[in-house]
Amino acid sequence: MSIETIFDTMEYGTAPEDRSIALQWIADRGGLLGPYVNGAFCPGRDDLAICNPATGEKLAGLSLCTEDEVKEAVRSARAAQPDWQEAGGPARARVLYALARLMQKHARLLAVMESLDNGKPIRESRDIDIPLAIRHFYHHAGHAQLMPSALSDRVALGVCGQIIPWNFPLLMLAWKIAPALAMGNTVVLKPAEYTPMTAMIFADLCSQAGVPPGVVNIVTGDGSTGAALVDANVDKIAFTGSTSVGRQIQDATAGSGKSLTLELGGKSPYIVFDDADIDSAIEGLVDAIWFNQGQVCCAGSRLLIHEAIADDFHNRLKTRMDKLRIGDPLDKSIDVGAIVDPIQLRQIRELVEGSTAGQTYHAQTPVPEGCFYPPTLITGLHPADRLMQEEIFGPVLVSTTFRTPAEAVEIANNTKYGLAATLWTENINLALEIAPKLVAGVVWVNATNLFDAAAGFGGTRESGFGREGGWEGLQAYSKPSKPLAEPTQITAFTGQGAAAEDIDRTAKLFIGRKQARPDGGYSQAIFSPKGKLLGHAPIANRKDIRNAVQAQLACGWGKITGHLRAQILYYIAENLAAQANRFAERLDAMTGLSAGAEEVQAAVDILFTYAAWADKFEGQAKSVPMRAVALAMREPVGAIAALCSDQNPLLGLVTPMAAALSTGNSITLCASAPFPLAATDFYHILEASDVPAGAVNILTGPQADLAPHLGAHMGLETVWCLSGAPLTEAVQARASSNIKRVWQGAAQDDHASWLEAGTEIKTIWIPYGE
Ligand code: NAI
Ligand code: MG
C-alpha cells in the first residue's frame, strides 16, 4: 500500500501484538493449571479447555475444582485470616503496593493474556482493563494504610468468597481482592470458566509480592465450583455476574448469616437530547455498546433518542458503525474483538433473531469467520419490546425515541434493572435535573464508561446491591467492631379477657395516614404481666402489607428537602414529649417494668438525633485522576419495611422510623409483637405531626406471619430485620424475588450505620474542559 493510497482511503494496516511471551508463560506450566491454595499452585488437571475465542485454539487445560478442593482453599484462607488482620493496615498496605508494582511490571503480559483468553481488543486490555486494575491496588493500598485512623471502628468480616464473570477478568478480580485484603480479610476467588488466565498470573504475582500463604486463594472451575464456594464456610459472598445466578446465590445464602453483595446485569439507558453535541454522543455510544463487544454489565445498550433528531442520529451512527474494524483482538488497530465463547455468541444470535420487532442494521464491515458478531443497531422498538427489556450482552444496541425530558426519564426507568445511565445534553441545568431522577447507581453526563477506584460502582433494583470502589466499597468488606447483640425474643403475656377500664378504645392499623381496620378482621388481646387485659391490637395480613407499600410508593417523602424532613422529625419529637407520661405508663403497663419514662426520653432523643442528621448526611466529590468530577450522592434506598424488635416497644419502633425518614425513605413498621400498644398509640402522634400519607405505616400482629410477605413483596427495596434471626431467615428466603436488601440493624448509638442502611451511593460523573 502506497502512502498516497493510505491518505486517500485512510485504511489502517495491521499492527499485531506479539503473543509468544504469554504462550510461553502457559508452556512453562506444562499447559495445565490448577487452583492456587495456601501460597502455591496445586497440580492442574485437564478438566476444562481454556480457549482463545478469536481462533478457537486451546490455550491451557484447567482443573474443575471439586467441593473438597474448595473447602481446602477456604480452610487455608480461614487459617491465614487472624494473622493477616493483626498484621495491621500499614503492613497490608505494603503488600498491596507490592502487588500493584508487580502488576505494572508485567502489564503487557497481563494485557496480552487477557486478550488471548477473552477476545477483547488489545487496545482495551492494554489501555483500560489492566491500568484500572493496577490503579485499584494502589488506591486500596492507601485504604489499608488509613484503616487504623480513618476506619478505627471497623474490622474485617473474615473469609470472603468471591465469584467473578468473564467480561473483565483481571479488573473484576482487582475490584474484589483489593478492598477485601485492605480491610484485613482473606479471600477465595473463583474466576469465570471462560477466562481464568490472568487470575493465574495474578496468583503467581501474589507469591512474588510476599502475600502470606492463604491470604489469596484462587479456585478454578465452573458454576458447580462457584456453588460449592457459596456453600462453604465463608463469611461473605461477593458476586458479579448474571441476575439469574445472583438470585440463586441470594437464595443459597438465605439464613446462613453470610454477608452478600451482588453486582448483576443491566439494560442501561443512553439518553441523547436534541441539544447534545452529536458527534461526541456518537463516539460515546461506540464506547457504550461496542466496548468489549457489548459484554459489559453497564453497557449503554438502550438508546433513547430525542424524536426530533432520531433519523439524523441513526444515519450518522450507521456511518460510524460501518467504520468499526472487527477482527483479531491482538491487532492493535482493531475496534471490536471476539465474543467470549461460542455459547455466548449463540445466545446473542438467538435473542436478536428471535425478535421480529423493529428494523435491524448490521454494520457493513467485514466480519471474520468464527466467534464474531457485527455491531448491530435495532431501531423503531417499543419500550416494552423484549429486546428493550432484556440484557443481550453483546454488540447489539436497541433504540427508541422520546419527546420530552419527562418522557425520557419515564422510559429510562421502565426496566427491572438500575445499574448505569448516560445522558447527553449541552444544557447543564437539564443534565443536573435529569441525573438524580434516573434509577441507576452510576450516571454519566456527556461521557460514558468512566470508572475509577475512588468512585463507587454498583446498582439498584435487580442490578444488585453494594458498591465497589471508594470509601463506600469498604463497607462491604468490613463491619462495626462492636458486635451487635442478637435481639431477645419475648413471649406475650397471657391472661383473662376482663374488660378494660374506661370506654373501649379500638386500636387500628395505620396505613396511608388513615386508621385502618385489619383486612382479615382479627385482633389479638394484649395482657399485662399480671394478666390484666390492656387492649386489643389488630392482626395485619398480606393485604395490609400490600396497602401499606402502595401508600409508601405514592408518598413522595423522598422528594422533600432534608430541611423539611428535619422539621417534621422535630415535630414528632415535640408531640411525643408532650405525651411522655401517657406513653411511659403504657410501656410500664405492658412490660411490667418501670423503664417507660426513660424509654420515652430515649425515643425523643433519637428523633432529635435523626432530625439533626436529615440535612447533614452528605455525599462527597471524589478525587478521580481525570478531568471530571465524580459526585457521590446519597440517595434513599426506597421503600423500607421493618420488623421491629420485641424489646423496647417504643424506642424499637421510633429508631428505624426516624433513621428511615431522615434519609428520605418511607417505612412500614411491624411493631413489637408482644407489646404492640405503644405503636397503636404512636400513630396519633404521627397524625398530629404533618407526616405525609404513606411515609410511615404501622402494622401489628404476629411478625412470623408477615415476614415471608415482606420478603416476597416486589415493591419493597429493603427489609430491616430487627427482631432476630428466625424472622431474618424467613425474609431472606424470599428476598431474591426482586433482589431485595436485607439488613439486620446496628447498635442504637451507631447512627452512621443506620443512616448508611437508609442510603445508597449514586455516582454522577461530570467531565469538564473543552
Ligand atoms: P454467570 O452469571 O453464569 O457467571 C458468572 C460467574 O458465576 C462465573 O464465575 C460462573 O462460574 C459463576 N457461577 C455460575 N453459576 C453459579 C452458581 N450456581 N453458583 C455460584 N457461581 C456460579 O454468567 P454466564 O453464564 O457466564 O453468562 C450468562 C449471562 O449472564 C450473559 O449472557 C450475560 O447476560 C450475563 N452476565 C452478566 C455479567 C455482568 O457483569 N452483569 C457478567 C457475565 C454474564
Ligand atoms: Mg477463554
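Whatever order the structure lists ligands and atoms in, that order sets their numbers, starting from 1.
For atom 3 (O) of ligand 1, the nearest non-hydrogen atom from the set V245, I164, T225 belongs to V245. Here the shortest heavy-atom distance to atom 35 (C) of ligand 1, taken over G266, G464, S242, G223, belongs to S242.
In summary, the atoms of ligand 1 found under 4.0 Å from a heavy atom of G265, numbered by their order in the structure, are 41 (N). Of all atoms in ligand 1, numbered sequentially from 1 with element shown, those under 4.0 Å from a heavy atom of Q344 are 31 (C), 32 (O). Of all atoms in ligand 1, listed by their number and element, those nearer than 4.0 Å to a heavy atom of N167 are 40 (O), 42 (C).
Side-chain contact between P269 and I411: absent, with no pair of heavy atoms (C-beta onward) separated by less than 4.5 Å. Residues K176 and Y477 have side chains in contact (heavy-atom distance under 4.5 Å, counting atoms from C-beta outward).
Contacts between I163 and ligand 1 below 4.0 angstrom, taking non-hydrogen atoms only, involve the side chain exclusively.
Legend: salt bridge (charged side-chain N to carboxylate O under 4.0 Å, His left out) pairs involving residues 21-40, not counting sequence neighbours, sorted by first then second residue: R29-D204.
Judged by the shortest distance from any of its heavy atoms, F168 lies outside the 4.0 Å radius around the atoms of ligand 1.
Under the 4.0 Å criterion applied to side-chain N and carboxylate O atoms, E350 and R346 are not assigned as salt-bridge partners. Salt-bridge check for K622 with D452: failed, with every basic side-chain N at 4.0 Å or more from each acidic carboxylate O.
For the pair E263 and ligand 1, the shortest N or O to N or O distance does not fall below 3.5 Å.
Listed for the K190 side chain is a donor-acceptor partner under 3.5 Å among the backbone atoms of G221.
Angle O(D117) to the Mg ion (ligand 2) to O(C51): 90° [nearest 10 degrees].
In summary, T195 places no N/O/S atom under 2.8 Å from the Mg ion (ligand 2), failing the contact criterion.
The aromatic rings of H136 and W175 lie parallel to each other, with less than 30° between the two planes, well short of the 60° mark.
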